[in-house]
Amino acid sequence: MDAGKSERLASELDAYAHWFVTPEPSSDGHFLTLTLFAELGDTARVARDMTGVFLRNAGAEAVVDDARLVVSELVGNVVNHAVPDRHLSSPGSCRRIDVIFKMWPKWLFIGVADEDSTPPLLPVGEPFSPGLLGELSEAVLPDSGRGLLIVQRLAVAVWWTPGEYGGKTVWARFDLNGEGKSVPR
């Protein structure tokens, strides 16, 4: 394996290790979990606004716009598509959404958790070649999956994890340069 691949693999493993560990208040990170409810009319706006407040206070001004859009898309997917697992729902109750932020000097992890165990349909590739997109009408573009495609374009990595007792969390990772600025991909 050449040095570039080894360095990239080591960087990915380091990021994974930071995502996987439970945040400790004494670490050099910033952490927040925000609980919202899907049935409230302004859930996505509140999530966007709180994302901006958290990241500005954590010194990550450079990723605020991209992170707000990612959170908006992921929360919007929960509001519009998530159906709680039978054992997590009760008649007349609201659907819970947790927005999780884990930020270290080199990474920002954003997770949006819901009560639906159904895996998200993450786009695998381009539906059309980039050369044709300019000639095609928007009418022939896919009706669903565009939000997750946007998330994949803005974040360095996107994945999901099943919840311990049901539900799932969709994660997005931004690489930072140690000063809260986004690292180009």
Side-chain angles (χ1 to χ4, degrees), residues 11-12 15-16 19 32-56 58 60-83 95-104 106-163 167-177 180-185:
S11 174
E12 289 296 314
Y16 176 75
W19 162 74
L32 174 72
T33 299
L34 172 67
T35 299
L36 303 166
F37 297 98
E39 283 66 32
L40 302 178
D42 56 355
T43 301
R45 181 191 57 77
V46 170
R48 277 192 309 272
D49 292 349
M50 291 304 298
T51 298
V53 169
F54 172 75
L55 293 176
R56 284 185 189 97
E61 182 74 36
V63 295
V64 167
D65 291 337
D66 288 350
R68 282 174 41 104
L69 183 52
V70 163
V71 167
S72 184
E73 291 294 340
L74 294 177
V75 168
N77 281 348
V78 175
V79 169
N80 293 315
H81 303 295
V83 177
R95 294 174 291 153
R96 179 181 170 144
I97 303 170
D98 290 327
V99 183
I100 304 147
F101 300 94
K102 296 179 178 184
M103 189 178 127
W104 279 269
K106 292 169 56 176
W107 306 281
L108 167 63
F109 299 96
I110 299 173
V112 175
D114 62 55
E115 299 169 316
D116 183 349
S117 294
T118 307
L121 296 174
L122 298 172
V124 177
E126 300 290 342
F128 301 101
S129 75
L132 290 176
L133 285 177
E135 300 171 15
L136 293 173
S137 156
E138 287 183 16
V140 297
L141 294 175
D143 286 335
S144 64
R146 288 184 296 234
L148 286 173
L149 187 62
I150 290 169
V151 172
Q152 285 183 322
R153 292 290 187 258
L154 294 175
V156 171
V158 179
W159 68 99
W160 72 279
T161 57
K168 68 179 170 302
T169 304
V170 178
W171 293 95
R173 185 184 97 211
F174 292 86
D175 287 353
L176 308 173
N177 67 358
K181 294 186 181 357
S182 181
V183 174
R185 296 182 355 158

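The chain is numbered in sequence order, starting from 1.
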Minimum-distance pair of heavy atoms, taken over all atoms of G111 and T169: CA-CG2, 3.8 Å
Parallel, tilted or perpendicular: ring planes of F109 versus W159, cut at 30 and 60 degrees: perpendicular
Side-chain heavy-atom pair L148, P120 within 4.5 angstrom cut-off: yes
Inter-residue atom distance H81.NE2 - D116.CG, 0.5 Å rounding: 11.0 Å
V75 vs V99, side-chain contact (heavy atoms from CB on, under 4.5 Å): CA-CA, chis, key distance, verdict: CA-CA 8 Å; V75 168; V99 183; 4.0 Å; yes
Under 3.5 Å: donor-acceptor pair, side chain of R48, backbone of R68: no
Interatomic distance, F174 atom CZ to L154 atom CG [nearest 0.5 angstrom]: 6.0 Å
Enclosure of R96 CZ (heavy-atom neighbours >12, cutoff 6.0 Å): no
V71 and I110, any side-chain heavy atoms less than 4.5 Å apart: yes
With a cut-off of 3.5 Å and sequence neighbours excluded, list every side-chain donor-acceptor pair involving residues 34-46.
| unit_1 | atom_1 | unit_2 | atom_2 | d |
| --- | --- | --- | --- | --- |
| T35 | OG1 | D98 | OD1 | 2.7 |
| E39 | OE1 | R95 | N | 2.7 |
| E39 | OE2 | R95 | NE | 2.7 |
| E39 | OE2 | R95 | NH2 | 3.2 |
| D42 | OD2 | R45 | NH2 | 2.6 |
| T43 | OG1 | F37 | O | 2.6 |
| T43 | OG1 | L40 | O | 2.8 |
| R45 | NH1 | D49 | OD2 | 3.0 |

Working for side-chain contact (heavy atoms from CB on, under 4.5 Å), residues L176 and W104: CA-CA 8 Å; L176 308 173; W104 279 269; over 6 Å; no
Spacing of K102 atom NZ and W171 atom CH2 [to the nearest 0.5 Å]: 4.5 Å
Residues I97, V79; criterion side-chain contact (heavy atoms from CB on, under 4.5 Å); working and verdict: CA-CA 9 Å; I97 303 170; V79 169; 4.1 Å; yes
Heavy-atom side-chain proximity of L55 to L108 below 4.5 angstrom: yes
Carboxylate-amine/guanidinium proximity below 4.0 Å for K106 and D175: no
Nearest-0.5 Å distance, CH2 of residue W160 to CG of residue D114: 10.5 Å
